[in-house]
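Down below is the structure, laid out as structure tokens.
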Number of protein chains: 2
Amino acid sequence: MTTAGTKERIVEASAECFRRRGYMGTGLKQIAADADAAFGSLYHFFPGGKEELGAEVIRRSGRMYMQLFIDIALEVPDVVDAVGRFFADAAKDVEESGYADACPIATVALEVSSVSEPLREACAEVFESWLSSSTEYFAGAGIDREEAGRLALQMLSLLEGAFIFSRAMRTTEPILVAGGAATKAVAAALGR
Amino acid sequence: MTTAGTKERIVEASAECFRRRGYMGTGLKQIAADADAAFGSLYHFFPGGKEELGAEVIRRSGRMYMQLFIDIALEVPDVVDAVGRFFADAAKDVEESGYADACPIATVALEVSSVSEPLREACAEVFESWLSSSTEYFAGAGIDREEAGRLALQMLSLLEGAFIFSRAMRTTEPILVAGGAATKAVAAALGR
DNA sequence: GTCTATACTTTGATAGAC
DNA sequence: GTCTATCAAAGTATAGAC
């Protein structure tokens with residue numbers, strides 16, 4: 001059990017800031033303050049500056065968010081139920097955070113996609129890993145592989161889009177409706 | 001036929017910048033340069049500064065984007081075909097812009113939702129108008145009103161989420177797959 | 001209405017003492 | 001590794017001549 005090291009605190013503080021205020025809306029000085037770290041420490045751990053820090057935060061946030069889905073999949077045996085739980089939990093998390101914490105990298109992805117190639121690539125890699133994992137998951141439940149790929153894209157698009165509406169409109173309804181559509185699509189693919 | 005006035009040029013330049021680089025990633029000096037306007041003109045037309053300009057750009061972009069859908073709906077009589085065309089056109093536009101021009105306000109919406117109440121409200125109003133218009137459209141085609149509302153939320157969530165993946169991964173596949181899912185859902189609601 | 005100059009703040013980044 | 005001081009550039013905003 002290690003007390004959080006400086007580097008870890010920096011990454012965690014950055015992740016929270018990026019998620020809520022975006023990459024462009026977060027200053028390095030704010031991050032240093034939130035992380036209780038000296039400003040110079042940022043450049044000690046991330047010589048490449050904000051962009052290097054951003055790339056690490058994107059990849060780490062992507063891994064952690066996927067883990068949420070994996071945990072549910074391991075706990076809930078039925079695929080349709082698991083998808084339903086994923087959306088229900090997401091709605092709860094968004095609401096409990098005051099509509100601040102939805103997808104950890106969506107804001108950053110949109111901000112950087114036409115601005116920074118390294119950061120865009122980091123986001124693309126995260127999304128590809130989410131999609132391939134979800135595809136495997138659906139295929140493992142007996143769904144045709146091509147259909148599983150489309151289903152993964154559909155489920156994650158529904159989730160990401162619903163997050164946008166939910167945060168702006170301050171209601172969980174979009175996430176709940178998206179969850180209904182996603183579970184329905186998965187059930188249909190399973191022939192239920 | 002008026003040559004574009006200064007205010008109009010400012011709003012148009014802002015809209016393009018916000019769409020591609022976001023609200024936080026766009027500086028007022030950049031906007032003035034892109035609009036070929038003196039910096040002081042920004043504050044002449046928008047005494048409230050960046051936030052007032054942002055609110056007007058959000059509302060205007062929202063209206064213009066909805067018009068795209070209305071135009072298609074007027075041109076394509078069948079509802080399922082119209083939805084399919086909407087997604088197909090979106091995919092084409094995204095690709096032809098080098099994956100820069102997708103939703104004009106999604107990036108801004110995510111950036112500002114936890115940062116600026118006036119801007120968050122502007123985004124929420126735009127989204128609500130999109131949803132109510134789409135709901136009317138589906139209801140007009142004979143779909144039960146509650147189901148029409150869910151369908152509108154589903155279609156727009158699919159589109160917005162697909163835009164995120166498309167821009168980051170540089171492929172139109174997410175938009176095309178989302179379009180397939182959306183048309184399928186509409187067809188099912190029509191009992192086809 | 002246009003345009004320039006300027007004030008003030010914050011940004012990302014660097015250097016160097018400790 | 002930590003911390004402070006400092007830099008040049010860019011950020012928003014204002015004042016005032018024209």
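Here is the naming used below: chain letters follow the sequence lines, and residue numbers restart at 1 for every chain.
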Out of B:Arg63, B:Arg120, B:Arg59, which one pairs with B:Glu125 under the salt bridge (charged side-chain N to carboxylate O under 4.0 Å, His left out) rule?
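Exactly one option meets the salt bridge (charged side-chain N to carboxylate O under 4.0 Å, His left out) with B:Glu125, and it is B:Arg59.
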Residue from B:Arg21, B:Arg167, B:Arg20 passing side-chain hydrogen bond (donor to acceptor under 3.5 Å, both in side chains) with A:Ser114:
B:Arg167
For residues 42-53 of chain B, which residues have at least one heavy atom under 4.0 Å from DNA chain C?
B:His44, B:Phe45
Short of 4.0 Å, heavy atom to strand atom, which residues of residues 21-35 of chain B count as contacting DNA chain C?
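Of all residues in residues 21-35 of chain B, none places a heavy atom under 4.0 Å from DNA chain C.
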Do you reckon B:Val83 sits in the same ILVMFWY cluster as B:Leu176, going by side-chain contacts under 4.5 Å, direct or chained?
no
Is the backbone N or O of B:Leu110 less than 3.5 Å from a side-chain atom of B:Ser113, with the two atoms forming a donor-acceptor pair by type?
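No, because the side chain of B:Ser113 does not come within donor-acceptor range (under 3.5 Å) of the backbone of B:Leu110.
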Under the side chain to side chain contact (heavy atoms under 4.5 Å, CB included) test, residues paired with A:Glu128 that sit two or more places apart:
A:Ala124, B:Met169
Can you classify the ring geometry of B:Tyr65 versus B:Trp130 as parallel (below 30°), tilted (30 to 60°) or perpendicular (above 60°)?
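Tilted, since the angle between the ring planes falls between 30° and 60°.
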Is the shortest side-chain N to carboxylate O distance from B:Arg85 to B:Asp78 below 4.0 Å?
no
With a 4.0 Å cut-off, would you call A:Glu147 and A:Arg150 a salt bridge?
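Counted as a salt bridge, because a side-chain N and a carboxylate O are separated by less than 4.0 Å.
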Test of understanding: with side-chain hydrogen bond (donor to acceptor under 3.5 Å, both in side chains), list the residues that count as partners of A:Ser41, not counting sequence neighbours.
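A:Ser41: no side-chain hydrogen bond (donor to acceptor under 3.5 Å, both in side chains) contacts found.
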Partner residues of A:Arg60 under the side-chain hydrogen bond (donor to acceptor under 3.5 Å, both in side chains) criterion, sequence neighbours left out:
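For A:Arg60, no residue satisfies side-chain hydrogen bond (donor to acceptor under 3.5 Å, both in side chains) once neighbours in sequence are set aside.
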Considering only heavy atoms of chain B and a distance under 4.0 Å, specify the first and last nucleotide of DNA chain D in 5' to 3' order that meet this criterion.
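It runs D:dG11 to D:dT14.
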